[in-house]
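Down below is the structure, laid out as structure tokens.
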Amino acid sequence: YTVRRLIIEPKPDRPRRFAILDDDIDVAQSLAVGLVELGFEATAFATEAQLEAALRFDSFDAFVIDWVLPNGTAQALITKLRNHNATCPIALLTGKAGSKEVDEKELVATIEKHELLFLQKPVTALIAASQFTAAFANR
């Protein structure tokens, strides 16, 4: 066998930190509160600019990003996040899959290209946490 990559990381001594971006701040805050209740740390953001400003001074272990944002899709933001950290779990969140507002081929292509999780609105913190727990274990 060829060992291509071996990563040994200590078990985190702090809760995993989530950044949640949704242009509906109530959705982001609700998910953040639920994740905190499950033992994680989570910060809600309503705009890409807020998230990008936070990233200059802070780091996160995972991201939940709304696919449909006021200025289009989150595709460019996902690319930035992946360029910054190639392996952190990122989930796309939308309640508009199957609607005229979402090009599903573009959505699927982005999910596959960047190895993303997908969460359908409304999502509960317990479902999101289970998806991310599995993603952290498979990193």
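Just so it is clear, the structure is predicted and the values come from calculations on it, not from any experiment.
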- [ ] Dump the intermediate steps for salt bridge (charged side-chain N to carboxylate O under 4.0 Å, His left out) on Asp61 and Arg14, then the final yes or no.
- [x] CA-CA 11 Å; Asp61 300 305; Arg14 61 169 176 73; 2.8 Å; yes
TODO: Determine, step by step, whether Leu92 and Leu107 satisfy the side-chain contact (heavy atoms from CB on, under 4.5 Å) criterion, reporting the C-alpha distance in whole Å, the side-chain angles of both residues, the deciding distance to 0.1 Å, and the verdict.
DONE: CA-CA 9 Å; Leu92 287 182; Leu107 176 62; 3.6 Å; yes
Open item on the list: Please determine whether side-chain contact (heavy atoms from CB on, under 4.5 Å) holds for the pair Phe45 and Asp22, giving the CA-CA distance in whole Å, both sets of side-chain angles, and the decisive distance to 0.1 Å.
Closed with: CA-CA 7 Å; Phe45 299 95; Asp22 196 303; over 6 Å; no
Task: Ile90 and His114: CA distance, side-chain angles, deciding distance, side-chain contact (heavy atoms from CB on, under 4.5 Å) verdict - done: CA-CA 9 Å; Ile90 301 172; His114 296 291; over 6 Å; no
TODO: Decide yes or no on side-chain contact (heavy atoms from CB on, under 4.5 Å) for Phe63 and Ile20, but give the supporting numbers first.
DONE: CA-CA 6 Å; Phe63 297 87; Ile20 303 164; over 6 Å; no
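Between Val68 and the options Val102, Leu93, Thr73, a side-chain contact (heavy atoms from CB on, under 4.5 Å) holds for only Val102.
Closest heavy-atom contact between Leu21 and Ala46: CD1-C, 3.8 Å. Summarising the geometry of Glu104 relative to Ala97, their closest heavy-atom pair is OE2-C, 3.6 Å, with the distance given to 0.1 Å. Taking all atoms of both residues into account, the shortest heavy-atom contact from Ala125 to Gly34 is CB-C, 3.3 Å. Looking at every heavy atom in both residues, Pro15 comes nearest to Glu41 through CD-OE2, 3.9 Å.
For Asp66 (side chain) and Leu69 (main-chain N/O), no donor-acceptor pair under 3.5 Å exists by modelled atom type. When atom types are taken as modelled, the side chain of Thr94 and the backbone of Lys96 share a donor-acceptor pair closer than 3.5 angstrom. In this structure a side-chain-to-backbone donor-acceptor pair under 3.5 Å is missing from Ser59 to Leu55. Side chain of Asp58 to main chain of Ala54: no donor-acceptor pair is present (N/O by atom type, distance under 3.5 Å, no hydrogens or angles).
Geometrically, Arg16 does not engage Phe132 in a cation-pi contact, judged by NZ or CZ lying under 6.0 Å from the ring centre and within 45° of the ring axis. Cation-pi geometry between Arg17 and Phe60 is met: under 6.0 angstrom from the ring centre, within 45 degrees of the axis.
No side-chain heavy atom of Glu48 sits less than 4.5 Å from a side-chain heavy atom of Pro70. Taking 4.5 Å as the limit, some side-chain heavy atom of Thr2 sits within range of a side-chain heavy atom of Arg4. Contact check for Trp67 versus Glu106: side-chain heavy atoms found under the 4.5 Å cut-off. By the 4.5 Å heavy-atom criterion applied to side chains, Leu119 and Gln131 are counted as neighbours. Taking the side chain as every heavy atom from C-beta outward, Thr79 and Asn83 approach each other to under 4.5 Å.
When hydrophobic clusters are built by joining Ile, Leu, Val, Met, Phe, Trp and Tyr residues whose side-chain heavy atoms come closer than 4.5 Å, directly or via intermediates, Val123 is grouped together with Leu35. Hydrophobic clustering (ILVMFWY, side-chain heavy atoms < 4.5 Å, transitive): Phe40 and Ile127 are in one cluster. The hydrophobic cluster containing Leu38 does not contain Val33, counting ILVMFWY residues as joined when their side-chain heavy atoms lie under 4.5 angstrom apart, directly or transitively. In the hydrophobic clustering of ILVMFWY residues, with side-chain heavy atoms under 4.5 Å counting as a link, Ile25 and Ile65 come out apart.
Note that CD1 of Ile111 is 9.0 Å distant from CG of Leu117, once rounded to the nearest 0.5 Å. To the nearest 0.5 Å, the span separating CD on Gln50 from OG1 on Thr43 amounts to 11.0 Å.
Heavy-atom contacts from other residues, nucleotides or ligands closer than 6.0 Å to CD of Glu115 number 12 or fewer.
For Lys80 and Glu52, the salt-bridge test passes: some basic side-chain N is under 4.0 Å from an acidic carboxylate O.
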